[in-house]
Amino acid sequence: MTKRPNFPAVLRSVRAALNLTQGQLAERLGVSFATVNRWEGGGNRPQRAAQEAILALAAEAGVDGADTAASEAADAAAQVTRRRATRGAAPAPTTKPMEQMLWDAACSIRGEKDAAKFKDFLLPLLFLKRLSDVFDDEIARLAEEYGDRATALEIAESDHSLMRFYLPREARWAVISGRERYEWPLDDKGRSTAPKDLGEHLTKAVRAVVKQNPSLAGVIDIEDFAAERNGERDINPAKLRGVVETFSDPRYRLGLADVQPDFLGRAYEYLLRKFAEGSGQSAGEFFTPTEVGFLIAHLMRPRPGETCHDYACGSAGLLVKLQLVARELDPTTKVPLKLSGQELQAESYAVGQMNAIIHDMDVELARGDTMINPKFRTAEGTIRQHDIVVANPMWNQPFAPDIFANDPFDRFRTTGGITSGKGDWAWLQHTLACMDEHGRAAVVLDTGAVTRGSGSKNEDKERNVRKWFVDRDLIDGVILLPENLFYNTTAAGVIVVLNKHKPASRQGKIVLLNASKRFSKGRPKNYLRDEDIRLLAGMYLKGDPVAGELGVITTEQAQEADYNLSPSRWVAQNCDAEHGSVPALVKELQRLAKLDAEITGELVRLLRPLATSEEA
């Protein structure tokens, strides 16, 4: 029987034999650095075509792909990459230690109760640590090519384009943490510009980073670490020092070779989730539950190179998950999705930019009010269209009627009419405007969006818009989510799925999935397990009726129900009570009747003497 190649070991042996860095090996194989990093770390297994390319290169290098000694290869590869001798072989990847480290850092500032208030300080600090560690890795790569670190630093100083983000010396983590001395320059009057404390240092550092990297303006510099209120610092410098020391722990180094982008992204998202749990109503502005994002991504099944847009992107989580699922569906492709998003809130916009960069993804983000001023337009001034649109806009958001009546992009009048009161269907009308001729979309809304106005004797504008979408066969389906998933409400939500180019088998039909019972209890929020996410997505995409969970109706049936599209209206779920057979139930009824007669007879016997004495 042929031995199955140990690809992580094979890759390390090939790099050692050919004296290649991971980046150079990635170029030889025609894949990205991150892909090689995942393969070598055991996070992903190469697909067949990639396996053949690896084994061919192994043969060229004289490496036996079927019987490679992993420990020897690891030692040899370690010499090529010049990794620190103190670092041993990494255990199986898990985000738990890093998640705990991040949350401990948040709580150390002012206790767990108030930790969420400091996300706008902590997230940029974590981001700066990532930038600094990646910068050090890029310097190490240059040092491999040019001989030593000093030469590499000189080259980087003279040509900043060699680095994705150039970090001036005062912003590098070794200087921030006090592990490397830095001589601060003098000002024009000969006075030292050295900061008084760590808070001032961090503020100077992030501003210096923005000066060298203008694309990070409004991202990393949104907070002043030395800010004061009523003569007191918002964050005590001693507390900041504790956070910096926590982030400086060698176990939590955040370089490219230490932490895969997806791995760090999951830890980062854990921190976002913890902040959301403590943020109450405001949480919904920046964070959609992770599992809802992955469910949407699996429903959309994005393909390499597709354009994907989120017009209410918050922390960009839905866009990030589209790319993660796209990689899972086609791990060998070198063509990424083309991601774009718009966000109104400055803080959420900053978090979204950091989230994309931490995941090593290119996302085009813009700030602004999507309903009033959609930023993504064509050269002719029309709304730019995309293959995929995803969003979790504010539910039941009120809008002034004149916004819809005087829309310069004509998104509402011609697509079912102008809605009033709640803006859920206005968001879907905007979604439609963002979809190309073969576009598909998934939008999270309040459950009332698919029922309001149905059955009413009075004309309802929301129901009229819903009718317009149904009559034109634009609604592919509706998914009812479980209760208590979202951070700013305990209410259930729905995912409305649109498709401008349905396959023949789904034309004239609407798939209704009742997933309200598919959850696991959590504290403080319920959640969907990974296996449930995949099961629900597979069930929905297959589109075959499943008793108690999935139903398929025709557009004619929707019309007869006055356009009520609630999955619970069409898909009745079984209650938890046990049901017996009819003969068994009859037998049990007879037994209870006999028992009732016996008890009644005994009561009469006991009470008869009392009745006799009263008569006397």
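Just so you know, these numbers come straight off a predicted model, no measurement behind them. Positions are given from 1, in the same order as the sequence printed here. Atom set for the values below is all heavy atoms of this structure, side chains included, hydrogens, waters and symmetry mates excluded.
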Under a 3.5 Å distance rule, please check whether [X] uses its side chain to pair with a backbone N or O of [Y] as donor and acceptor.
X      : Y      : value
Asp369 : Asn373 : no
Gln385 : Met435 : yes
Trp427 : Ala391 : no

Note: [X]-[Y] ion pair, threshold 4.0 Å (strictly below):
X      : Y      : result
Asp330 : Arg303 : no
Glu343 : Lys375 : no
Lys594 : Glu588 : no
Glu364 : Lys338 : no

Please report the interatomic distance [atom1]([X]) to [atom2]([Y]), rounded to the nearest 0.5 Å.
X      : Y      : atom1 : atom2 : answer
Leu550 : Met539 : CG    : CE    : 7.0 Å
Leu535 : Arg529 : CG    : CZ    : 9.5 Å
His501 : Asp387 : NE2   : CG    : 12.5 Å
Phe399 : Met371 : CZ    : CE    : 4.0 Å
Glu483 : Leu485 : CD    : CG    : 9.5 Å
Cys308 : Leu319 : SG    : CG    : 7.5 Å

Would you call [X] and [Y] a side-chain contact if the rule is heavy atoms closer than 4.5 Å?
X      : Y      : answer
Glu549 : Asn514 : no
Leu324 : Val320 : yes
Leu481 : Leu295 : yes

message: Looking at Arg301, I want to see if its CZ is surrounded by more than 12 non-hydrogen atoms of other residues, nucleotides or ligands under 6.0 Å.
response: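 Open: at most 12 neighbouring heavy atoms sit under 6.0 Å from CZ of Arg301.
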
Just by distance, with hydrogens left out, do [X] and [Y] show a side-chain donor and acceptor under 3.5 Å apart?
X      : Y      : result
Thr288 : Asn392 : yes
Tyr349 : Gln345 : no
Glu380 : Thr382 : no
Ser454 : Arg466 : yes

message: If you apply the rule side chain to side chain contact (heavy atoms under 4.5 Å, CB included), what do you find for Arg452 with Asn396, and how did you get there?
response: CA-CA 11 Å; Arg452 281 191 293 265; Asn396 301 324; 3.3 Å; yes

Show me, pair by pair, the donor-acceptor contacts under 3.5 angstrom made by side chains of residues 471-480, not counting sequence neighbours?
residue: Asp471; atom: OD1; partner: Gln559; partner atom: NE2; Å: 3.3
residue: Asp471; atom: OD1; partner: Tyr563; partner atom: OH; Å: 3.0
residue: Asp471; atom: OD2; partner: Lys467; partner atom: NZ; Å: 2.8
residue: Arg472; atom: NH1; partner: Trp468; partner atom: O; Å: 3.3
residue: Asp473; atom: OD1; partner: Lys502; partner atom: NZ; Å: 2.5
residue: Asp473; atom: OD1; partner: Gly508; partner atom: N; Å: 3.4
residue: Asp473; atom: OD2; partner: Gly508; partner atom: N; Å: 2.7
residue: Asp476; atom: OD1; partner: Arg506; partner atom: NE; Å: 3.2
residue: Asp476; atom: OD2; partner: Arg506; partner atom: NH2; Å: 3.1
residue: Asp476; atom: OD2; partner: Tyr540; partner atom: OH; Å: 2.5

query: Given Ser340 and Val363, is the side chain to side chain contact (heavy atoms under 4.5 Å, CB included) satisfied, shown in steps?
result: CA-CA 5 Å; Ser340 64; Val363 183; 5.9 Å; no

query: When the ring planes of Trp425 and Phe469 are compared, do they come out parallel, tilted or perpendicular, using 30° and 60° as the limits?
result: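 The arrangement is perpendicular - the two ring planes meet at more than 60°.
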
field: Phe519 ring center within less than 6.0 Å of Tyr527 ring center
entry: no

